[in-house]
Structure formats: C-alpha cells, structure tokens
Amino acid sequence: MTRTHARIHANNGDTCRAAALDHQGIILQPDFIIADDLRRGDLVELLPTYSTMTLGIHAVYPSRKHLPIKTRRLVDFLVDAFAVPGWDVAR
C-alpha cells in the first residue's frame with residue numbers, strides 16, 4: 001500500500017474547493033459545493049464509481065395527520081431538488 005502525504009489540511013469545503021481550482025490537489029466534497037465547477041469543467045470527477053457514506057436529509061414536523069399543504073409541498077420540492085446531483089442537470 002502506498003501512502004500519500006498531504007501538504008494541505010482543511011476542514012472547510014470552500015477552502016478545499018479553492019485549493020482544487022488552484023491545482024493544489026484532489027478533494028472529496030459534496031456536490032452542492034462543486035456542482036457548478038463540475039458542470040463548467042473547471043473540476044473533473046476522478047473516481048465516478050467511488051461512493052462515500054450517504055448523509056440523509058430529514059424533514060421534521062409534528063405529525064402526518066393534518067399536515068399543512070405548505071409543508072407537504074416543501075417536502076415534495078426538496079425530494080425533487082435533491083434527487084439528481086447538480087452537475088447532472090441540463091441547464
């Protein structure tokens with residue numbers, strides 16, 4: 001096994017993105033941070049079949065019984081909005 005030696009350590013997505021855009025290395029970031037860069041071709045996906053753990057997004061409300069239509073529509077909108085990665089959407 002070959003080990004790598006990082007020259008930069010960051011725990012901020014915007015900092016990692018800036019470093020990658022400046023050709024400083026490889027990053028692993030969520031699509032909402034780098035989607036526009038991927039879409040424009042400023043960044044490229046290196047390991048398309050590699051998958052990290054998935055973090056869920058949860059809508060919390062008191063009860064499904066008598067759920068306001070506004071809440072239902074918001075939940076439906078969020079499901080649709082997060083269904084496809086941002087760089088896959090034709091714009």
Side-chain angles (χ1 to χ4, degrees):
M1 175 191 265
T2 303
R3 291 214 172 259
T4 60
H5 301 284
R7 298 194 185 261
I8 297 174
H9 294 272
N11 65 354
N12 178 282
D14 292 326
T15 301
C16 292
R17 177 183 167 269
L21 288 170
D22 196 34
H23 308 284
Q24 299 299 310
I26 298 170
I27 61 172
L28 176 62
Q29 292 298 310
D31 64 343
F32 69 86
I33 292 177
I34 59 169
D36 290 338
D37 303 309
L38 290 169
R39 195 178 305 111
R40 282 191 306 270
D42 296 337
L43 295 177
V44 295
E45 189 173 7
L46 296 179
L47 302 170
T49 60
Y50 178 78
S51 180
T52 62
M53 71 174 163
T54 302
L55 299 175
I57 298 174
H58 304 276
V60 180
Y61 44 87
S63 169
R64 288 183 187 201
K65 189 176 183 180
H66 306 297
L67 183 67
I69 191 70
K70 293 187 288 189
T71 305
R72 178 75 259 160
R73 287 193 177 154
L74 174 61
V75 170
D76 292 341
F77 169 80
L78 293 172
V79 167
D80 290 342
F82 288 108
V84 177
W87 65 89
D88 286 346
V89 177
R91 292 182 189 215

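- Within the structure, no pair that satisfies the salt bridge (charged side-chain N to carboxylate O under 4.0 Å, His left out) test touches residues 55-69, not counting sequence neighbours.
- Remark: Ala81 engages Phe77 in a side chain to side chain contact (heavy atoms under 4.5 Å, CB included) (not counting sequence neighbours).
- Under the 4.5 Å side-chain contact rule for hydrophobic residues, Phe32 and Leu21 share a cluster.
- Connectivity analysis of hydrophobic side chains (ILVMFWY, heavy atoms under 4.5 Å, direct or indirect) links Ile8 to nothing; its cluster partners are none.
- Scored by the side-chain hydrogen bond (donor to acceptor under 3.5 Å, both in side chains) test, Asn12 finds Thr15 as partners (sequence neighbours excluded).
- Gln29 meets the side chain to side chain contact (heavy atoms under 4.5 Å, CB included) test with Cys16, Ile27, Ile33, Ile34; sequence neighbours excluded.
- If you chain together hydrophobic residues whose side chains sit under 4.5 Å apart, Leu47 and Val44 fall into the same group.
- Asp37 is linked by a side-chain hydrogen bond (donor to acceptor under 3.5 Å, both in side chains) to Arg17, Arg40, counting only residues two or more places apart in sequence or in another chain.
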Can you give me every donor-acceptor pair (side chain of residues 68-75, partner residue at least two apart or in another chain, under 3.5 Å) with its distance?
from	atom 1	to	atom 2	distance (Å)
Arg72	NE	Asp76	OD1	3.2
Arg72	NH2	Asp76	OD1	2.9

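- No side-chain heavy atom of Ile57 sits under 4.5 Å from any side-chain heavy atom of Leu78.
- Not counting sequence neighbours, the partners of Thr52 by the side chain to side chain contact (heavy atoms under 4.5 Å, CB included) test are Leu28, Tyr50.
- Other residues, nucleotides and ligands contribute only 12 or fewer heavy atoms inside 6.0 Å of the CD1 atom of Ile26.
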